[in-house]
Amino acid sequence: MKVIVTKDYEDASQKAAEIMLDVIKNKPNANLGLATGSTPIRLYELMREDHKANGTSYKDIKSFNLDEYYGLAQDHPQSYYYFMCHQLFNELDIDKNNINVPKGKGSIEEVCDEYNALLAKNPRDIQLLGIGSNGHVGFNEPGTSFDSVTHYIALKQSTIEDNAKLFFNGDLSAVPTHAITMGISNIMEAKKVLLIATGERKAKAVKGLVEGPVTEDLPASILQKHEDAIIIVDEAAASLLSK
């Protein structure tokens, strides 16, 4: 595990963009594992700016998102499919058929089986992650098995509260209570993992991720065992690290 400490969110996003774009430019048909939430918004903006300025092409790129709220259609303004299109894809030359996000509707078993089969056929060259304040990655909440594959999960109250603040104007009742998420073993299959964490609110989770025991009580800690995991944190998120 390589830990990079940057000054602030902007610097963390710039460094993450360097790593992401290096993968894309060296492998124009790369499979990208992508994430939603507030953390990658600036990274996605930098990717759009690079595409516009430098013509970096996404026409042969495939994307695979970590998760989706269950119960929301793709065109719902709070769905993660909608988020990805508006934050990134609409301004790239990516083939819309190559955008993959777990379905938020339909038979749970069929949705999970279909996504697992898709991931098995398309190994990710890089998997982007954030980390929840409780140490979750994707929507793999504390207690999720390290052997898990794509599954249906009930969201912890802390996750619902975090998401309400960020995307639902503080309305807890508007936040879906369940999601479909890549499992931890799916995440660990990626050739490279890139995790970004910024802000003091993430400091405790980052401490556990980097220096704590590898435990299902803090799902992100499994990244200590990944062969090529890069953790980018700003000074606030790194504030509890001992070194």
Side-chain angles (χ1 to χ4, degrees), residues 1-4 12 15-16 19-20 22-24 26-27 29-37 39-40 43 61-68 80 84 100-102 108-109 111-156 159 179-197 202 204-233 237 241:
M1 177 184 286
K2 181 180 181 182
V3 179
I4 300 171
K15 185 62 183 176
I19 294 166
M20 182 68 74
D22 183 65
V23 170
I24 294 165
N26 281 299
K27 188 176 182 182
N29 64 339
N31 291 330
L32 310 181
L34 299 178
T36 52
T39 301
L43 164 62
I61 294 286
K62 291 181 182 178
S63 70
F64 302 86
N65 259 74
L66 281 167
D67 42 31
E68 178 62 280
Y80 285 166
M84 291 304 305
N100 300 283
V101 180
I108 293 167
E109 184 175 357
V111 167
C112 293
D113 287 349
E114 180 182 296
Y115 210 61
N116 279 320
L118 190 65
L119 296 175
K121 290 178 186 173
N122 295 277
R124 273 74 62 220
D125 293 286
I126 186 169
Q127 177 64 60
L128 178 66
L129 298 172
I131 185 172
S133 57
N134 64 4
H136 75 238
V137 284
F139 273 132
N140 294 289
E141 298 282 25
T144 303
S145 169
F146 286 153
D147 294 327
S148 60
V149 293
T150 305
H151 60 284
Y152 176 75
I153 193 162
L155 305 182
K156 299 285 189 185
T159 299
I180 304 291
T181 184
M182 264 190 216
I184 294 172
S185 68
N186 298 126
I187 291 169
M188 291 294 284
E189 287 168 356
K191 296 172 188 175
K192 181 189 293 288
V193 172
L194 174 62
L195 184 146
I196 312 169
K202 301 293 178 72
K204 186 176 179 182
V206 167
K207 171 82 170 173
L209 157 65
V210 177
E211 297 179 350
V214 176
T215 170
E216 291 176 353
D217 291 335
L218 199 146
S221 64
I222 191 64
L223 296 179
Q224 292 179 33
K225 295 186 176 295
H226 195 280
E227 290 184 356
D228 187 6
I230 302 172
I231 314 300
I232 301 177
V233 292
L241 296 177

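The basis for the numbers below is simple: all heavy atoms, side chains too, and nothing from hydrogens, waters or symmetry mates. Every value quoted in this text rests on a predicted model; they were computed, and no experiment measured them.
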- When you look at Met182 and Phe64, which way does the side chain to side chain contact (heavy atoms under 4.5 Å, CB included) test go after all the steps? CA-CA 10 Å; Met182 264 190 216; Phe64 302 86; 4.3 Å; yes
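- The NZ atom of Lys156 lies 8.0 Å from the CG atom of Asn134; values are rounded to the nearest 0.5 Å.
- Here the shortest heavy-atom pairing between Ala220 and Val137 reads CB-CG1, 3.7 Å.
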- Task: Evaluate the criterion side chain to side chain contact (heavy atoms under 4.5 Å, CB included) for residue pair Leu223 and Leu129; output intermediate values, then yes/no.
- Result: CA-CA 11 Å; Leu223 296 179; Leu129 298 172; 3.8 Å; yes
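- Checked options Leu118, Leu32, Asp125, Asn31; the residue passing with Lys62 is Asn31 (criterion: side-chain contact (heavy atoms from CB on, under 4.5 Å)).
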- Worked check of side chain to side chain contact (heavy atoms under 4.5 Å, CB included) between Leu209 and Met1: CA-CA 10 Å; Leu209 157 65; Met1 177 184 286; 3.9 Å; yes
- Message: Working note: Ile19 + Ile232, criterion side chain to side chain contact (heavy atoms under 4.5 Å, CB included); need CA distance, chi angles, decisive distance, verdict.
- Response: CA-CA 11 Å; Ile19 294 166; Ile232 301 177; 3.9 Å; yes
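- Closest approach of Glu141 to Ala154, counting heavy atoms only: CG-O, 4.1 Å.
- In this structure, the side chain of His226 engages the main chain of Ala190 through a donor-acceptor pair within 3.5 Å.
- Side chain of Tyr115 to backbone of Thr181: no donor-acceptor contact under 3.5 angstrom is found.
- Heavy-atom contacts from other residues, nucleotides or ligands closer than 6.0 Å to NZ of Lys207 number more than 12.
- Heavy-atom minimum distance, Pro40 versus Ala35: CG-O, 3.6 Å.
- Atom CE in Met20 sits 5.5 Å away from atom CG in Leu43 (nearest 0.5 Å).
- Ser221 contributes no side-chain N or O that, together with a main-chain N or O of Gly208, makes up a donor-acceptor pair within less than 3.5 Å.
- In terms of heavy atoms, Val206 sits closest to Ala197 at CG2-CB, 3.6 Å.
- Atom OG in Ser185 sits 9.5 Å away from atom CG in Leu119 (nearest 0.5 Å).
- Asp67 places no side-chain N or O within 3.5 Å of a backbone atom of Ile180 that could act as its donor or acceptor partner.
- The only option from His151, Arg124, Gln127 that meets the side-chain contact (heavy atoms from CB on, under 4.5 Å) definition with Asn186 turns out to be Arg124.
- Shortest non-hydrogen contact noted between Ile61 and Lys27 is CD1-O, 4.0 Å.
- Crowding of Lys225 atom NZ: a count of heavy atoms from other residues, nucleotides or ligands under 6.0 Å not exceeding 12.
- A side-chain contact (heavy atoms from CB on, under 4.5 Å) with Leu128 holds for exactly one of Leu66, Thr39, Leu194, Leu195; it is Leu194.
- Closest of all the heavy-atom pairs between Ala205 and Gly132 is CB-O, 3.5 Å.
- With Glu189 contributing its side chain and Ala120 its backbone, the two residues share no donor-acceptor pair below 3.5 Å.
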